[in-house]
Amino acid sequence: MCLNPGEILAERYIIIAQLGQGGFARTYTAQDLQNPENPPCVIKEIPFPESENPQVLERARRRFQREARALSRLGNDSRIPELFNSFEENGNFYLVQEYIQGTPLSQELVQGQQWTEEDVITLLREILEILNFIHQANVIHRDITPSNLIRLTQYRKIALIDFGAVREISTLTSSSTGEIVTSQAIGTEGYMPAEQYNPQSAPRPYNDIYAVGIIAIQALTGRHPRNLPQDPENCQIIWDYLTSEPVSDGLTNILNTMVRFHFQQRYQSATEVLEALDSIVARPELPKTSGKLRSRFRWLLFGVAGIAACGAIVLLIPTISPLIPRISPQPTWPTPSPDGVSSGEKLLVQTSALWSKQRGINEFAGSNYPEALNLLKQSWREDRRDPETLIYINNALLKAINAEYYTIAIVVPIRRNQDGSILNANLAEELLRGIAQAQTEVNLGLLAANENNKDFPGQGFLEPKAIKGKGLKVIIADDGNIKSYAVQRANSLVAQPDILAVIGHYTSDMTVETVDIYNQNQLVAISPGSTTEELTRKPRKFFFRTAPTTSREAEALVNQLLGVGEKKAAVFYNPNSPFSASLWEEFKKQFEAKGGSTFRLSNYYDLSKNNFNAEAAIKQVEKAGKTALLVIPDGQVTNSLENAIEMIKANRDRNWIVGPWTLYEPRTLEVAKELKSIEKLGISVFWHPSISFDKKFPQNAEKLWGGPVNTRSALTYDAARTLIKALEMQPEPSREGMQKTLADPNFKAEGATGIIEFDSKTGNRKNPPKRVAHIVPCSTAIYGVTFLPIEFPTAAAAGLKCD
């Protein structure tokens, strides 16, 4: 029997939802009632083995306790999930575990794309260091796959999850002779070595070493291991002819030794492999010549026969000894809505695991809008920072009171892992807070000021602003900062005739990819974040933006560097990002026109590289003499933001650094807190509470959300207020009418960032805001430091109370 949402386990854990079910266990999200402030945990349920022999259960119990102790030891390392609790109940074993956030390596290993030798060596070192740690603790993983290797969101290091031993507990059985054995092999086809197919073979370090070697070969060839041919004579995997660039003899020999068919011929420890890697780095070799590559024809001819022959040999590998303990698999979060679009019937932003929210969404999907409204308001009271809940509250209200309303949509990037779990939703939530606040102002105008409505968010301080007696419905779409998803969402939104305009997309990358879809379907798209000049060079009639263009942003950064006497700048950016490349182009043009010089370092300038080394880049900059740094991460499409923040950390306030508003991040403040000084940093900013054009907006935002909002929320609020103004100005609002209204030379709207009006030819905002922010100490701020416009030298000068 599976656990149902709302059930309480061990008188402590309330079940939120089932995450998944495999052949060996079920996983759930749960809230710890004894620690309600903690984030949701993950509970793994392992059924008792099905056997009439009481000794089987006793063996399973001892094994479970041993696995829990092993996991508890390993969990002290940040690269391994932490075990919070373990117990038995209702005929099941349970583990309560930490949820590790990050991107699975499987998302980086794209079919057909080949990694460089340097990147593969870096990856090998990271994984082997983890293996060294767990093997020294006498724990063998035995299911190392790209999906079980996670690149941590916070530190960008590799973590290892989904240890497999607990799965074996429920497979214990009693043989005809009374011996207690494991009935099934544990592992994943393609990544587990031949000896592992025998369920009675004992796990050894060389099992894991084989899997790591296979992953490295997959990265070099761009091929899944199931598609790699084998030598029919010795069952050795043949791979080196599949790489577009020759791989050095040193690395080729290491990988071939890691994946030998017979385990006796492999490296016997992770330490041995690391030492071998050290030797080829110390004595670099010339890459292999094409003459050393094997014949493609030969291995295509024998590939199938080789696999069949080697498969037969597996059956002959002898049993060795009982199994060594391993750790339970790490579950994943629920997958997102298939189409990534919702007005309240689907959960998109899954960072809030409140059961009241999920129940409200279920009631919304079932058209029970009054109950959905009550449940969602309950969820709001429990988590006032969740903008998705507030948008769904508004939409449920409109249905519950049978109100007339207009419909707009917003597209945000919810960054996810390949399994659908949330990698980073901060950016999406920042954008949603702006539109949710504007929507709430509108819909408050439909409510009578009586006792029944006192619990509606914003009541009593937000100004009710109904649109000609009608409300506002908002549809949320998630493009994931992935181009193919962005195109799907755009096509979905333009096909819904009730949608009168779209706010989005946020990043220039996604906007460039989708702008023609909106334009051809005559649906206004107003972006709060796309700044690339590429959209100006080829204007579209139905595209507008509340954010400045990169030429305006570059102007602020150029003036900042010149103002502090810097005349030379080295650039670090993502050359494949429309935004990042556009800002570099504009900065270079303006900086050099004013007497400055710019350059980029060969092999060091690309922030989007997986192996970007911030320390090495800073050392190269120092060789160039007195030099400022222009650091331009993209809008979280790649890892460039994380690399840019590492640049700030590695610089240690020695050189001036300037960068775009993509650096206006809590993670930047977190790094600043660690540094002794952070005086030489300037970040462009388009809005700040201390300089808000609409003085009430930051005050109301703080009351509504229980804390301050940032530039992204302000620009999205302004985009929503702009569309609301356009709706008010039309007798019968339509898609075409929205475009004509916004493009009218006399159109004006007021927002948090100032007066909003557009150039009718380009859709660019006229006279957009441009400022530079710096970081100043403030003891009452969350990190002890805070962003301020640079004209305020201290927090006190801006009127902040930091004592």
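Sequence positions, counted from 1, serve as the residue numbers for this chain. What's counted below: heavy atoms across the whole structure, side chains too, no hydrogens, waters or symmetry copies.
Salt-bridge formation is detected for the pair E108/R151: a Lys NZ or Arg NE/NH1/NH2 atom is positioned less than 4.0 Å from an Asp or Glu carboxylate oxygen. Looking at K766 and D759, no side-chain N of the basic residue comes within less than 4.0 Å of a carboxylate O on the acidic one, giving no salt bridge. At a threshold of 4.0 Å, the pair R712-E665 counts as salt-bridged, since one of the basic side-chain nitrogens sits closer than that to a carboxylate oxygen. Between K357 and E388, at least one side-chain nitrogen of the basic residue sits less than 4.0 Å from a carboxylate oxygen of the acidic one, meeting the salt-bridge criterion. Salt-bridge formation is not detected for the pair K483/D509: no Lys NZ or Arg NE/NH1/NH2 atom is positioned less than 4.0 Å from an Asp or Glu carboxylate oxygen. A salt bridge is absent between E463 and K696; no separation between the charged side-chain nitrogens and carboxylate oxygens falls under 4.0 Å.
W380 and F456 have their aromatic ring centers separated by at least 6.0 angstrom.
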Only pairs under 3.5 Å count here: list side-chain donor-acceptor contacts from residues 396-414, not counting sequence neighbours, and write none if there are none.
unit_1, atom_1, unit_2, atom_2, d
K399, NZ, Y405, OH, 3.2

Could you list the donor-acceptor pairs under 3.5 angstrom formed by side chains in residues 363-371, with sequence neighbours left out?
unit_1, atom_1, unit_2, atom_2, d
E363, OE1, N368, ND2, 3.1

Is there a salt bridge (Lys or Arg N to Asp or Glu O under 4.0 Å) between E642 and R667 once you walk through the steps? CA-CA 9 Å; E642 288 78 8; R667 282 174 284 180; 2.9 Å; yes
Step by step, would you call T507 with N481 a side chain to side chain donor-acceptor pair (under 3.5 Å)? CA-CA 7 Å; T507 64; N481 258 349; 3.3 Å; yes
Pair Q31-Y13, side chain to side chain donor-acceptor pair (under 3.5 Å): steps then yes or no: CA-CA 6 Å; Q31 193 77 40; Y13 302 101; over 6 Å; no
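For the residue pair D718 / T546, no side-chain donor-acceptor distance below 3.5 Å is found, with atom types taken as modelled. Side-chain atoms of S582 and T550 include a donor-acceptor pair closer than 3.5 Å. For the 3.5 Å distance criterion, the side chains of E382 and S356 qualify, holding a donor opposite an acceptor. Looking at Q358 and N362, their side chains do bring a donor and an acceptor atom within 3.5 Å of each other. With 3.5 Å as the limit, one finds no donor-acceptor pair spanning the side chains of R545 and T532. Side chains of N574 and S577: no donor on one and acceptor on the other come within 3.5 Å. In the model, T716 has no side-chain atom that pairs as donor or acceptor with a side-chain atom of R721 under 3.5 Å.
Environment of CD in E7: crowded, with over 12 heavy atoms of neighbouring residues, nucleotides or ligands closer than 6.0 Å. By the 6.0 Å contact criterion, NZ on K761 is open, its count of non-hydrogen atoms from other residues, nucleotides or ligands being 12 or less.
Listed for the S684 side chain is a donor-acceptor partner under 3.5 Å among the backbone atoms of W661. Put simply, the side chain of R359 never gets that close to the backbone of L375: no donor and acceptor are under 3.5 Å apart.
Remark: R489 qualifies as a cation-pi partner of Y485 under the 6.0 Å distance and 45° angle criteria applied to the six-membered ring.
With L523 as reference, R735 is the one residue of Q739, E736, R735 to meet the side-chain contact (heavy atoms from CB on, under 4.5 Å) rule.
In this structure, the side chains of N746 and K748 stay at 4.5 Å or more apart for every pair of heavy atoms. Taking the side chain as every heavy atom from C-beta outward, T27 and Q18 never approach each other to under 4.5 Å.
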